[in-house]
S.K.: 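Quick one: this structure, given as C-alpha cells, is what I'll be asking you about.
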Number of protein chains: 2
Amino acid sequence: MARLLLVEDDVNLAETLVELLELEQFEVTWVGDGEQAFDATFMHAYDLFLFDVNVPFIDGFELLESLRKSGDETPAIFITAMNDIASLSKGFEVGADDYIKKPFEFDELAVRINSLIRKRLKIKENIITLDDYHFHIDTNELYYQDKFIALSPIELKLTTLFFKQLSTTITKENILMELSEGEEASEGALRVHINKLRKHGLPIQTIKGTGYRLATS
Amino acid sequence: MARLLLVEDDVNLAETLVELLELEQFEVTWVGDGEQAFDATFMHAYDLFLFDVNVPFIDGFELLESLRKSGDETPAIFITAMNDIASLSKGFEVGADDYIKKPFEFDELAVRINSLIRKRLKIKENIITLDDYHFHIDTNELYYQDKFIALSPIELKLTTLFFKQLSTTITKENILMELSEGEEASEGALRVHINKLRKHGLPIQTIKGTGYRLATS
DNA sequence: TAAAGGTGTTAAGAGAAGGTTAACCTCTTT
DNA sequence: AAAGAGGTTAACCTTCTCTTAACACCTTTA
C-alpha cells in the first residue's frame, strides 16, 4: 500500500481528496501548510507528494525545493490553480514530476498518481518490482534487471521480509525475531547482514533507533 | 536471432533505434503507422512488438488491443511521450508487458527487450536450449551440440527437472521429493548426482541452504 | 569539548554446507 | 556364480556463511 502526503489548505477539497484517495487504497497523511508538511517528512517516508502550491508559511514550490536539496527524491505532483506556464515551469524546476490544474477530474489524478508510483513500485503476479529489482514471492528469487542474484539463507530471509513489507519500516526487534530460530541473533550481526544486502545494491534505509526499510526512492 | 516489429512515425528516432537494435543483434522491421504494422503482423511472426503510442491511422493502443483480441501474444513494449503518462494504465489494460518513456536511455530499452524475449526464444518445438545443450522434452534426450549424452535414470530425472524449470531455483526438498518413489533419498546421494551432472558439463549453480538451479550463462 | 550512543565497515575464526572420491550394496544379466 | 551397472553411504576435503570483535564515523548530550 502506497503512502501519500497531501498538503492542502482548502479544507473541503482536502477532505474530499482524502476520502477518494483512501477509496483508491492509498494511505493518506493530510496537512494544511508547508511547515507541517516539512515536519511530516521527518516522521515518515512517503511514496508520493501531492502539494498544493498556495499553502501557508512555506509554499509548495519552496517546500519541494528544500526537500529536493536535502536529497529527497519522492515523486511529487503539484495541484495548482494558476494555469500560467511560468508557474508550471517553476514547478518542474524545483523537481516536480507532474502537475494537475484545479479544478480537476479525480480519475485523472488517480491515474497520474498510479503511474508515478508504478514507475518504481509494481506488484504483479507474485513479482514485486522495485526500481530494477524483481523479487519473486513464490520462488524466493531476486533479480536485478534480468540477472539472478544468489542470496545466502539469511540474506534471503531478510530480503523476503523487506519486499513483503515494501516501504514500511521494520524494527530491529522484529527482524531479529524473524531471523532467529530459538536463539536471538545480535544487533551487530544484523548490521553486517544489512551491509551485505546493500552491497547487492538494495536501497535499504536506516531509521535511527528503530530499524530499517526498503526504500522506494 | 530475434525479430522485432518497430512502429514509430518519428523518422529520426526510428532510424536511430533501428541502427542501435541491429547492433544488438536484433532483426528489425520498421513501419511508420498502425495500418502498416497490422499488415506486417500477417506477413511475419515477430518475437517482440515495440510500439509508439501516437502513430497515424491506428494508434498503438488500438493496434495492440486488436492484435491481442485475435490471439496474438507476442510480448509488447510501448514507447510513450512524457505527456502520455496518464494513458499508461490504458497500455497495460490492452495487454502491454512493459513501457518506456521518451526520452530514454537505449541501454534500458535493450535490457527490457532482452528480458522479454529471452524466455520465449529458449523453448521451441519441444526443445529447450541452454548454451550448447539441447534437451528434447518429448523424447527425454540430452544433446551437447550434436552429440547425444547418455544419462542414467536418475540423472535423467534430474536433468528433466532442471530443464523444465530453466533458470529457476529448485529446492533440495523438491528434488528429493521428485527423485524418491516411496523412500526419501538422502542429501548425500543428491550431491553425488549433482556432481555427475556437472561432469557432463551442465552449468548447475548451488544456492547454499536452498537448492540448485540450471544457470543461464 | 568530551563523552556516549548508534550505526557502518572490515577482518578473522569457527562452524556448517556442499564437493569429491571410493567402497559397498543391490539388482540384473550372462 | 560372476560380472556389470547404477545407486547409496561414509569419510574426507573444500568453500562459504555467519558471528564476533575492533575500529571509524557521526550525532546528540552533558
Side-chain angles (χ1 to χ4, degrees), chain A residues 38-39 41-43 45 69-72 140-142 148-162 169-215, chain B residues 140-142 148-162 169-215:
Chain A
F38 201 70
D39 294 343
T41 60
F42 284 107
M43 307 288 291
K69 273 182 184 157
S70 71
D72 191 324
N140 273 356
E141 291 175 315
L142 180 65
F148 175 79
I149 300 180
L151 298 171
S152 76
I154 290 193
E155 288 173 359
L156 188 61
K157 270 195 193 174
L158 271 177
T159 306
T160 310
L161 251 185
F162 279 124
T169 303
I170 312 179
T171 62
K172 289 180 291 192
E173 290 73 25
N174 279 338
I175 299 176
L176 293 174
M177 296 263 286
E178 289 288 331
L179 287 191
S180 61
E181 278 143 16
E183 309 260 329
E184 185 84 352
S186 77
E187 285 200 19
L190 175 56
R191 276 185 258 141
V192 175
H193 290 303
I194 293 289
N195 188 357
K196 284 192 127 191
L197 285 186
R198 286 182 172 142
K199 281 185 179 163
H200 287 306
L202 289 177
I204 298 173
Q205 249 175 32
T206 304
I207 315 298
K208 261 206 163 187
T210 309
Y212 299 90
R213 86 187 258 276
L214 194 54
Chain B
N140 274 354
E141 289 174 320
L142 179 64
F148 175 75
I149 299 180
L151 297 171
S152 75
I154 289 195
E155 288 174 359
L156 186 59
K157 269 196 192 174
L158 270 178
T159 307
T160 311
L161 250 186
F162 279 124
T169 307
I170 313 179
T171 62
K172 290 179 292 190
E173 291 74 24
N174 279 338
I175 298 177
L176 292 173
M177 298 261 287
E178 289 289 330
L179 288 190
S180 60
E181 278 142 15
E183 309 261 329
E184 184 84 351
S186 77
E187 287 200 17
L190 174 56
R191 278 187 259 144
V192 175
H193 291 301
I194 292 288
N195 187 358
K196 285 190 164 182
L197 286 185
R198 286 185 173 140
K199 283 186 177 161
H200 288 306
L202 289 177
I204 298 173
Q205 186 182 359
T206 304
I207 316 300
K208 269 210 167 185
T210 308
Y212 299 90
R213 72 191 278 272
L214 195 52

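Computation of the quantities below employed the complete heavy-atom set of this structure, encompassing side-chain atoms and omitting hydrogens, waters and symmetry-equivalent molecules. Bear in mind the structure is a predicted one, so any value in this text is a computation, not a measurement. Naming: A, B, ... by sequence-line order, numbering from 1 per chain.
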S.K.: Taking C-beta and beyond as the side chain, do A/Ile194 and A/Thr206 meet within less than 4.5 Å on heavy atoms?
M.R.: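 No, too far: nothing below the 4.5 Å cut-off.
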S.K.: According to salt bridge (Lys or Arg N to Asp or Glu O under 4.0 Å), does anything in residues 192-208 of chain A pair up with another residue at least two apart or in another chain? List the pairs.
M.R.: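 Only A/Glu155-A/Lys196 qualify under salt bridge (Lys or Arg N to Asp or Glu O under 4.0 Å).
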S.K.: Let me spell it out: for each of A/Lys199 and B/Ile194, pick the nucleotide of DNA chain C with the closest heavy atom. Which residue's pick is nearer the 5' end?
M.R.: A/Lys199
S.K.: Could you run down the sub-3.5 Å N/O contacts of the protein with nucleotides 5-7 of chain C?
M.R.:
unit_1: C/dT7; atom_1: OP1; unit_2: A/Gly209; atom_2: N; d: 2.6
unit_1: C/dT7; atom_1: OP2; unit_2: A/Lys172; atom_2: NZ; d: 2.7

S.K.: When you compare the side chain of A/Tyr212 with that of A/Leu190, does any pair of heavy atoms fall below 4.5 Å?
M.R.: yes
S.K.: Quick check: closest heavy atoms across B/Ile207 and A/Ala150, and the distance to 0.1 Å?
M.R.: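 In terms of heavy atoms, the two residues are closest at CD1-CB, 4.2 Å.
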S.K.: Only counting residues at least two apart or in another chain, list the ones meeting side chain to side chain contact (heavy atoms under 4.5 Å, CB included) with A/Thr160.
M.R.: A/Phe135, A/Asn140, A/Leu156, A/Lys164
S.K.: Are B/Leu202 and B/Phe162 close enough that some pair of their side-chain heavy atoms sits under 4.5 Å apart?
M.R.: no
S.K.: Grab the N/O contacts between the protein and nucleotides 5-7 of chain D below 3.5 Å, and write none if there aren't any.
M.R.:
unit_1: D/dG7; atom_1: OP1; unit_2: B/Ile154; atom_2: N; d: 3.0
unit_1: D/dG7; atom_1: OP2; unit_2: B/Ser152; atom_2: OG; d: 2.6

S.K.: Counting distance only, does the side-chain N/O of A/Glu141 pair as donor-acceptor with the main-chain N or O of B/Thr169 below 3.5 Å?
M.R.: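 Yes, A/Glu141 side chain to B/Thr169 backbone: donor-acceptor pair under 3.5 Å.
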S.K.: Of all the heavy-atom pairs spanning A/Ile149 and A/His200, show the shortest one and how long it is.
M.R.: CG2-ND1, 3.7 Å
S.K.: Whole angstrom is fine here: how far is it from NZ in A/Lys157 over to P in D/dC18?
M.R.: 10 Å
S.K.: Does C/dG8 have OP1 or OP2 sitting under 4.0 Å from an N or O in the side chain of A/Asn195?
M.R.: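 It does not, given that no N or O in the side chain of A/Asn195 lies less than 4.0 Å from OP1 or OP2 of C/dG8.
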S.K.: What is the per-nucleotide protein-contact pattern of nucleotides 22-30 of chain C, from the 5' end, where B denotes a base atom under 4.0 Å from a protein heavy atom, S denotes such proximity for sugar-phosphate atoms only, and - denotes neither?
M.R.: ---------
S.K.: Under a 4.5 Å cut-off applied to non-hydrogen side-chain atoms, are A/Glu178 and A/Ile170 in contact?
M.R.: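 With C-beta onward as the side chain, the pair stays apart.
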S.K.: Could I get the full list of ring pair (Phe, Tyr, Trp, His ring centres under 6.0 Å) partners for A/Phe148, not counting sequence neighbours?
M.R.: A/Tyr143
